[in-house]
Amino acid sequence: MPKKPACEQMLQVLKLVPVGRVVSYGQLADLAGLPGRARLAGRCLLQCEETVPWHRVVRSDGRLAFSAGFAQFTEQRILLTDEGISVINGRVKMREVVWKPDLYTLLVELSG
DNA sequence: ATACGGGCACCGG
DNA sequence: GCCGGTGCCCGTA
């Protein structure tokens, strides 16, 4: 795994999250080799300039990070719904939609 | 048992 | 210090 700036590595991982699946901020950080940096993951998405599936990132308990009533909350709900992920009471059912990547495959994809 | 929602500790930038 | 696109504990229903 080549050494890269933290945000870039997390965005790399994020791009691999398949349609219809989600990851938590902490999971994204973990997979990027930055355990315990959940909030950093959120910051990366905020500052991110390229196009990434930001809507596939939610809190570890399934709640959307944005507060209900904010435009981005609605946007995320719509994007997720379009992918077949139902958002009820501002949260998704992690048991059903969380991404569980095969770590070996992930490593290969990040390397080459 | 399970879901909802409030609240606060955590940890960089 | 201050401030988050967090995590997770805990009381309720």
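To find a chain, count down the sequence lines: A is the first, B the second, and so on, and within it residues start at 1. No experiment lies behind these values; they were computed from the predicted model shown.
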[X] [atom1] to [N] [atom2]: how many Å, rounded?
X: A:M94; N: B:dT2; atom1: CE; atom2: P; value: 17 Å
X: A:R91; N: B:dG6; atom1: CZ; atom2: P; value: 10 Å
X: A:Y25; N: C:dG7; atom1: OH; atom2: C1'; value: 12 Å
X: A:R95; N: B:dC4; atom1: CZ; atom2: P; value: 13 Å

So which of [options] actually passes side-chain contact (heavy atoms from CB on, under 4.5 Å) with [X]?
X: A:M10; options: A:L45, A:L34, A:V52; value: A:L34
X: A:V23; options: A:V57, A:V98, A:D30; value: A:V57
X: A:Q76; options: A:L80, A:I78, A:L79; value: A:L80

Mind checking whether [X] and [Y] have side chains closer than 4.5 Å, heavy atoms only?
X: A:R91; Y: A:V87; answer: no
X: A:E50; Y: A:K15; answer: yes
X: A:F66; Y: A:V58; answer: no

Every protein N/O within reach of nucleotides 10-13 of chain C N/O, cut-off under 3.5 Å:
none

Compare side-chain N and O positions of A:S60 against OP1 and OP2 of C:dC8 and report whether any pair is under 4.0 Å apart. yes
Can you give one letter per nucleotide of nucleotides 7-13 of chain B, going 5' to 3': B for a protein heavy atom under 4.0 Å from the base, S for sugar-phosphate only, - for none? --BB-BS
Determine if the SG-SG distance between A:C44 and A:C7 falls under 2.5 Å. yes
salt_bridge(A:R21, A:E96) N-O dist < 4.0 Å: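 A:E96 and A:R21: not salt-bridged.
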Counting heavy atoms not belonging to A:K93, are there more than 12 under 6.0 Å from its NZ?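 No, the 6.0 Å shell around NZ holds no more than 12 heavy atoms from other groups.
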Between CG of A:L16 and CH2 of A:W99, what distance do you get to the nearest 0.5 Å? 5.0 Å
Consecutive-pair stems (3 or more, Watson-Crick or G-U, under 3.5 Å) for DNA chain C: B:2-9 with C:6-13, B:11-13 with C:2-4
Check the pair A:D61, A:R59 against salt bridge (Lys or Arg N to Asp or Glu O under 4.0 Å), reporting the backbone distance first and the verdict last. CA-CA 5 Å; A:D61 57 11; A:R59 288 203 193 193; 5.4 Å; no
